[in-house]
Asker: 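The structure's right below; bear with me while I get my questions together.
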Amino acid sequence: MQLQDFKETVSLRSRPSLYGIETLSARYLTQTFKPHAHDEYVFGVISGGVHAVWCRGEMNQVSCGSVVTMRPSDIHHGGAGCEDGWHQRMLYIPEAGINALLEDITGRAPAGALDFGAAFHARPDLARRFADLHTVLHASGAQLSVDVALDTLLGTLLREIAPQQSIPRQQEQGRIVDAIDYLDSHAEDDVSLDDLCEVTGLRRRQTIEAFRRATGLPPHCEHQAKMPFASRLCFLGGPTSPPAPSCSASGEAIAAFHFG
């Protein structure tokens, strides 16, 4: 289906308790943007059409399958690069949030600004994975899924576009058995990654990796597997009656359950 079959739509979501991030999902046909910059780091993906955007001294035709990595104060402007417009999914992370996430992922305070080199990267496979994780960040009501999606998304960008920003981490187990027991006893609760970190005594990234080593699953998958069916779909925004055996789960539920 062509983008021109849709009207322009914009959906913005703020998560003040999660490093102050904001997520945007938008389809634009004739929208234009005057020169402007953001105070936050801007990460995104063009998941349809073409966005014509001036940034860092040149005009870019940013097509479907491109990943966006902009620094705070990067001035940019533009509009549609084709008659069908474009669809973008964006993530805005304040500098303080980026610094905290980087320290958690790498185990050290960042030295200087985070730099991904270019602002636009033609990486269709990475763009697809970004879009899947963004769907969870933007739409999920399950706190643990959102927490792990943010960590996974930023960790993936670092590993594949800015590997110099990341360093090998020492594997730590912490009190992972206690954390697994905690999920057992809180199967119907909206558990957060910070809740699990308090139990394990580890950082956020260390807790996720310790769960993978111990159970074969990241913690949000382990949690959802333990949830009663009705509670699981309540968090994921689906119907509360069990589907027929031939039915498939919603795309959001699949993305929330399997990423990582």
Asker: Checking Arg128 against Arg123 for the side-chain contact (heavy atoms from CB on, under 4.5 Å) test, could you report, in this order, the C-alpha distance in whole Å, the side-chain angles of both residues, the deciding distance, and whether it holds?
Answerer: CA-CA 9 Å; Arg128 177 189 56 77; Arg123 297 285 300 273; over 6 Å; no

Asker: How about CG on Leu12, more than 12 heavy atoms from neighbouring residues, nucleotides or ligands closer than 6.0 Å, or not?
Answerer: yes

Asker: Between Asp190 and Gln143 (side chain of the first, backbone of the second, donor and acceptor by atom type, cut-off under 3.5 Å), is there such a pair?
Answerer: yes

Asker: Taking all atoms of both residues into account, what is the closest heavy-atom pair of Pro219 and Leu183, and its distance?
Answerer: O-CD1, 3.9 Å

Asker: Going from CG on Asn99 to CD1 on Ile93, what distance comes out if it is rounded to the nearest 0.5 angstrom?
Answerer: 11.0 Å

Asker: Go through it in stages, so that I can follow the logic: the residues are Leu144 and Leu193, the test is side-chain contact (heavy atoms from CB on, under 4.5 Å), and I'd like the CA-CA distance, side-chain angles, deciding distance and then a yes or no.
Answerer: CA-CA 6 Å; Leu144 191 52; Leu193 188 53; 4.0 Å; yes

Asker: List the steps and the verdict of side-chain contact (heavy atoms from CB on, under 4.5 Å) for Leu202 and Leu196.
Answerer: CA-CA 9 Å; Leu202 301 174; Leu196 294 181; over 6 Å; no

Asker: Between Ser25 and His138, is any side-chain donor less than 3.5 angstrom from a side-chain acceptor?
Answerer: no

Asker: Do you know which two heavy atoms are closest between Phe211 and Pro218, and how far apart they sit?
Answerer: CB-C, 4.4 Å

Asker: Hey, is the main chain of Val191 close enough, under 3.5 Å, to the side chain of Asp189 for a donor-acceptor pair?
Answerer: no

Asker: Side chains of Leu24 and Arg89, heavy atoms from C-beta outward: is any pair under 4.5 Å?
Answerer: no

Asker: Report yes if some heavy atom in the side chain of Pro72 is under 4.5 Å from a heavy atom in the side chain of Glu95; otherwise report no.
Answerer: yes

Asker: Nearest 0.5 angstrom please: Tyr92 OH to Ile21 CD1, how far?
Answerer: 12.0 Å

Asker: List the atom of Leu150, the atom of Leu101, and the distance in Å for their closest heavy-atom pair.
Answerer: CD2-CD1, 4.1 Å

Asker: Let me confirm one number: the CG-OG1 distance from Leu114 to Thr69, rounded to the nearest 0.5 Å.
Answerer: 8.5 Å

Asker: Please tell me if the side chains of His76 and His38 come closer than 4.5 Å, counting only heavy atoms from C-beta onward.
Answerer: yes

Asker: Does Thr207 use its side chain to pair, donor to acceptor, with the backbone of Arg203 at less than 3.5 Å?
Answerer: yes

Asker: Just wondering, do Val42 and Asp74 contact through their side chains at under 4.5 Å, heavy atoms?
Answerer: no

Asker: Ignoring hydrogens, what is the shortest heavy-atom contact between Ile105 and Arg205? Give both atom names and the distance.
Answerer: CA-CB, 4.1 Å

Asker: With a 6.0 Å cut-off on ring centres, are Tyr28 and Phe33 close enough?
Answerer: yes

Asker: How about His36 and His77: are their ring centres within less than 6.0 Å of each other?
Answerer: no

Asker: So which pairs with a foot in residues 94-127 pass ring-ring contact (aromatic ring centres under 6.0 Å, His included), sequence neighbours left out?
Answerer: Phe43-Phe116

Asker: Would you mind checking if Arg13 and Glu22 are paired as a salt bridge, meaning a charged N to carboxylate O distance below 4.0 Å?
Answerer: no

Asker: Without swapping roles, check the side chain of Thr215 against the backbone of Arg212 for a donor-acceptor pair under 3.5 Å.
Answerer: no

Asker: Let me confirm one number: the CG-CG distance from Leu137 to Leu18, rounded to the nearest 0.5 Å.
Answerer: 7.5 Å

Asker: Within a 6.0 Å radius of atom CG on Asp39, are there more than 12 heavy atoms belonging to other residues, nucleotides or ligands?
Answerer: no

Asker: I want to check something: taking the side chain as every heavy atom from C-beta on, are His220 and Asp147 in contact at a cut-off of under 4.5 Å?
Answerer: no

Asker: Mind checking the CG-CZ spacing from Leu126 to Arg159? Nearest 0.5 Å is all I need.
Answerer: 9.0 Å

Asker: Given Arg27 and His87, is the side-chain contact (heavy atoms from CB on, under 4.5 Å) satisfied, shown in steps?
Answerer: CA-CA 4 Å; Arg27 291 184 184 274; His87 180 195; 3.8 Å; yes

Asker: Side-chain contact, heavy-atom cut-off 4.5 Å: Arg129 with Thr156?
Answerer: yes

Asker: Met59 and Val68: same hydrophobic cluster, using ILVMFWY side-chain contacts below 4.5 Å?
Answerer: no

Asker: Identify the two heavy atoms, one from Cys55 and one from Met70, that lie closest to each other, and give their separation to 0.1 Å.
Answerer: SG-CE, 4.1 Å

Asker: Would you call Leu29 and Lys7 a side-chain contact if the rule is heavy atoms closer than 4.5 Å?
Answerer: no

Asker: Using atom types as modelled and distance alone, determine if a side-chain donor or acceptor of Asn60 lies under 3.5 Å from a backbone N or O of Trp54.
Answerer: no

Asker: Let me know which of Asp104, Asp194, Asp195 forms a salt bridge (charged side-chain N to carboxylate O under 4.0 Å, His left out) with Arg204.
Answerer: Asp194

Asker: Has the side chain of His186 got a donor or acceptor atom that lies under 3.5 Å from a matching backbone atom of Asp184?
Answerer: no

Asker: Say whether Val177 and Ile208 are linked into one hydrophobic cluster, either directly or through other cluster members, by side-chain heavy-atom distances under 4.5 angstrom.
Answerer: yes

Asker: Which atoms form the tightest heavy-atom contact between Gly85 and Ala80, and what is the distance?
Answerer: CA-CB, 3.9 Å

Asker: If you measure from OG on Ser140 to CG on Leu133, what distance do you get to the nearest 0.5 Å?
Answerer: 11.5 Å

